[in-house]
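Reminder, nothing fancy here: chain letters follow the sequence lines and each chain counts from 1. Keep in mind that the numbers below use all heavy atoms, side chains included, and drop hydrogens, waters and symmetry copies.
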Amino acid sequence: MLSFLKNEVAAAAQTLFGQTIDANAIQLNPTPPEFKGDCTIVVFPFTKFSKLGPEPTATAIGNQLMLQVPTLAEFNVVKGFLNLTLTDHFWLNQFQTKFNQEKVNNISPNNKRVMVEYSSPNTNKPLHLGHVRNNLLGHAIAEILQAAGNHVIKANLINDRGIHICKSMIAWQKFGNGETPSTAHLKGDHLVGKYYVLFDQAYKKEIAQLMSEGKSEDEAKAQAPIILEAQNMLRDWEDGNEAVLSLWKTMNEWVYAGFNETYAKMGVSFDKMYYESQTYLLGKDIIKEGLDAGVFFQKPDNSVWIDLTADGLDQKLVQRSDGTSVYITQDIGTAQKKYDDFNIDQSIYVVGNEQDYHFKVLQLICKKLNKPYAEGIYHMSYGMVELPTGKMKSREGTVVDADDLMKEMIESAKTITESAGKDQGFSEQEKSELYNDIGLGALKFFLLKIDPKKKMLFNPEESIDFHGFTGPFVQYTHARIQSILRKATEENSHATINLSETHSLNNEEKELVMALLQLNNKIKEAADNLSPAIIANYAYQVAKSFNTFYAEHSVLKAENTQKEFRLALATYTAKVLKYTLHLIGIHAPNKM
RNA sequence: GGUCCCGUAGCUCAGUUGGAUAGAGCGACAGCCUUCUAAGCUGUAGGCCUUUGGUUCGAAUCCAAACGGGAUCACCA
């Protein structure tokens, strides 16, 4: 929005010093609050050809700009910094242009097709806090990429096969007494998860028993009857045993019903579901292709490998000696399938950073196979959520359950809202929606305000805040504005910007206008960095600017054009807040 | 041990890709509700940006090393 100044500075340098410079190379920064000015040109690089010290150089350019740029109000020079102040008319004009557009986001679509894969759960246990971060990140990244003009396909790859689901099945057969989600009054994913834990307990007991009979730990682990049963079942599953398949389908259906409930509560959705049971064989054709091409090699026991030592990695197994596929085999196949299905330019995997190595290998393999989609593979590697006690482990019960956490957050929202007496005049239905919006708003903002690449700490002892740099803070600011706008409608006041009447902006108004005008840049920045945190921080900044303005100046008690302008400012702020919250999956209530 | 990530206020985190006196929130302390919603606003205290060297007009930011923390290196997924 201010980048035109770079061209003006380049022109000024041409006029003053006869030097042609690249306008894009000019450093244009926001002026720090302790100095006067809207933006700052760093003139140190100019001293080379100006043959002057930093200050005279800056002054010379400043004087030249005053001649060239009618919207420039004044300038000042501190050392090598040229601080420029634009006229209020300029800012009002910029704001008016935005205000008159129907949508706050006017980024035009590009032709890029991007798939974002996220969630990708196992079907043997319910979702925990780690999955919540994954799902919210994936959903927000998809929204942001779409807002930045991409065509986005949201995908979920469900890991529905393997030894882990067999463990739950065996335990259910042994201990379940035919229990179902409806007889147990338990969500399906929690029921299946319960049997996964029961399996592990029984397994540990058997291991202890065998060890007391003199077996080594490794022997005991390999020979425990219950693990042998599970392995048998996996073989039966792969052989297509009807009874096993039938139970597998039933239990997976329970889990999907549970997941769908959790997804709906979280507010995430998918355009395409992939199931590993349907894709795990796909990679094998590509393995054969790679063997023929000499990209892979076979060991005497028939296992297939790729040698990545020249790339600084290790030798990596891509197919077992018995011909069955491993994790990477399946991913090679799925990568191909995604490309075939949707002709995507980019394939983003939202997966934890513990799998950095895996995705490096995956991309390298696809490159060596000369796959057209190899360059488009991108691992969006996010940091783990850790508890004060360390990493979460499902089997050891040190997890924060997703459903429990959301429920607690909604209950906290209820308590806080009630004690503040802010739910008066709401119907029961509206109350319940409000508590949902606020509780989940707090949770989502808490998880998304942090740079996704960094690991984050969650302390269950300390409740997630509803004050300060939080979701409810931004929601509250939005609701507050809606309240003003309702009153304005009642008194038949209108929001307009009248440029013919010159009136000046005060500091708070100007700061808010400048913040609001940054929206499109922030969306692009967030999309480039795949970082919802940039949006969350921006939403907070806008809300904070508004609240500062709100505390100093009245909207409804202002007069004439100033009142109309402030109403426009409030209207547009509310739009931006609602939209940015939407990008990170948070609903903005009109009253709270 | 190899590879990769991280280290900023008591705590949780920003820091515009190399610019001015390093910023928020929480917690602590002091103020502000006859005036548009106090889930708010204003102020005070709190810092060897882990350390050392290098690059230059200029470094929390780039490079190197050390120290500290984490991840990963399965015929698991």
Atom pair distance, as rounded to whole Å: CD1 in A:I450 and P in B:rC13: 5 Å

I'd like to know if A:K167 and A:E229 make a salt bridge, using a cut-off of under 4.0 Å between side-chain N and carboxylate O. no

Any base atoms under 4.0 Å from A:D322, or only sugar-phosphate, or nothing? Heavy atoms, all strands. nothing

Would you check if A:F44 stacks with the base of B:rG58, given a 5.5 Å centroid limit and a 30° plane limit, both strict? no

Does the distance from a Lys or Arg side-chain N to an Asp or Glu carboxylate O, for A:D38 and A:K510, drop under 4.0 Å? yes

Base, sugar-phosphate or nothing for A:Q355? Non-hydrogen atoms, less than 4.0 Å. base

Using a heavy-atom cut-off of under 4.0 Å over every strand shown, decide if A:V326 touches base, sugar-phosphate, or nothing. sugar-phosphate

Of the candidate nucleotides B:rG18, B:rA77, B:rU16, which contains the atom at the shortest distance from the side chain of A:P30? B:rU16

Rounded to the nearest Å, what distance is computed from the CG atom of residue A:L517 to the C1' atom of nucleotide B:rU16? 16 Å

Does A:R133 make a cation-pi contact with A:Y382 (under 6.0 Å, within 45 degrees of the axis)? no

A:D451 side-chain proximity, nearest of B:rU37, B:rA14, B:rC41: B:rA14

Tell me, please, whether A:W305 has A:K299 positioned over its six-membered ring: NZ or CZ under 6.0 Å from the ring centre and within 45 degrees of its axis? yes

Check every strand shown and say whether A:N83 touches a base, only sugar-phosphate, or nothing at a heavy-atom separation below 4.0 Å. base

Looking only at B:rA20, B:rC41, B:rA77, the nucleotide nearest the A:A551 side chain is B:rC41

At under 4.0 Å between heavy atoms, what does A:A570 touch on the DNA or RNA strands: base, sugar-phosphate, or nothing? nothing

Would you say the ring centers of A:F549 and A:F546 fall short of 6.0 Å from each other? yes

Counting any heavy atom closer than 4.0 Å, what does A:S381 reach on the DNA or RNA strands: base, sugar-phosphate only, or nothing? nothing

Any base atoms under 4.0 Å from A:M456, or only sugar-phosphate, or nothing? Heavy atoms, all strands. sugar-phosphate

Go through B:rC36, B:rG19, B:rA77 for me and flag the one nearest to the A:K487 side chain. B:rC36

Winner on side-chain proximity to A:E34, out of B:rU21, B:rC41, B:rA71, is B:rU21

Is a salt bridge present between A:E490 and A:R486, judged by a nitrogen-to-oxygen distance below 4.0 Å? no

Given atom OH of A:Y357 and atom P of B:rC4, what is their separation to the nearest angstrom? 12 Å

Round to a whole Å and report the spacing from NE2 of A:H164 to P of B:rA74. 19 Å

Quick one: label A:H478 by what it contacts on the DNA or RNA (base, sugar-phosphate, nothing), any heavy atom closer than 4.0 Å. nothing

Distance test, side-chain N/O of A:K454 to OP1/OP2 of B:rG7, below 4.0 Å: yes

B:rC33 glycosidic conformation (syn if within 90° of 0, otherwise anti) is syn

What's the base orientation of B:rU17: syn (chi within 90° of 0) or anti? syn

d(NZ, A:K455; C1', B:rU12) in whole Å: 14 Å

What does A:P54 touch in the nucleic acid at a heavy-atom separation under 4.0 angstrom: a base, only the sugar-phosphate, or nothing? nothing

As a test of reading the structure: which of B:rG19, B:rU17, B:rA71 is closest to the side chain of A:E354, going by heavy atoms? B:rA71

Stems of at least 3 consecutive Watson-Crick or G-U wobble pairs (donor-acceptor distances under 3.5 Å) involving RNA chain B, listed by first number, are B:1-7 with B:67-73, B:10-13 with B:23-26, B:28-32 with B:40-44, B:50-54 with B:62-66

B:rG40 phosphate, OP1 or OP2: any side-chain N/O from A:H467 under 4.0 angstrom? yes

Looking at A:Y349, does the NZ or CZ of A:K338 lie under 6.0 angstrom from its six-membered ring centre and within 45 degrees of the ring axis? yes

So what does A:Q27 touch, heavy atoms closer than 4.0 Å: a base, only the sugar-phosphate, or nothing? base

Please work out if A:I438 contacts a base, only the sugar-phosphate, or nothing of the nucleic acid, heavy-atom cut-off 4.0 Å. base

Within less than 4.0 Å of OP1 or OP2 of B:rA38, is there a side-chain N or O belonging to A:R480? yes

Ring centres within less than 5.5 Å and planes less than 30° apart: is that true of A:F81 and B:rG19 in this structure? no

P atoms of B:rG58 and B:rA14, separation to the nearest Å: 30 Å

Testing B:rU3, B:rG19, B:rC36 for proximity to the side chain of A:K360, the answer is B:rU3

Grab the CG-P distance between A:L485 and B:rU37 for me, whole Å please. 11 Å

Walk me through it: do A:Q330 and A:T334 pass the test side chain to side chain donor-acceptor pair (under 3.5 Å)? CA-CA 6 Å; A:Q330 175 269 115; A:T334 312; 2.8 Å; yes

Regarding A:K591 and A:E430, does a basic nitrogen lie under 4.0 Å from an acidic carboxylate oxygen? no

Heavy atoms from C-beta onward define the side chain here; which of B:rG40, B:rC76, B:rU16 lies closest to that of A:R320? B:rC76

Any A:T40 side-chain nitrogen or oxygen under 4.0 Å from OP1 or OP2 of B:rG19: no

To the side chain of A:F473, which of B:rA77, B:rG25, B:rC41 is closest? B:rC41

Distance in angstrom units between A:H553 NE2 and B:rC41 C1', rounded: 12 Å

Could a donor-acceptor pair under 3.5 angstrom be found where the side chain of A:K591 meets the base of B:rU37? no

Does a side-chain N or O from A:Y476 land closer than 4.0 Å to OP1 or OP2 of B:rA39, or not? yes

Are the charged groups of A:K360 and A:D356 less than 4.0 angstrom apart, N to O? no

Compute the ring centroids of A:F445 and A:F469, then answer whether they are less than 6.0 Å apart. yes

Measure the distance from CD1 on A:I163 to P on B:rC76 and round it to the nearest whole Å. 10 Å

Could you please name the option among B:rU42, B:rA39, B:rU35 that lies closest to any side-chain atom of A:K557? B:rU35

Within the 4.0 Å heavy-atom criterion, would you say A:T548 contacts the bases, only the backbone, or no part of the nucleic acid? sugar-phosphate

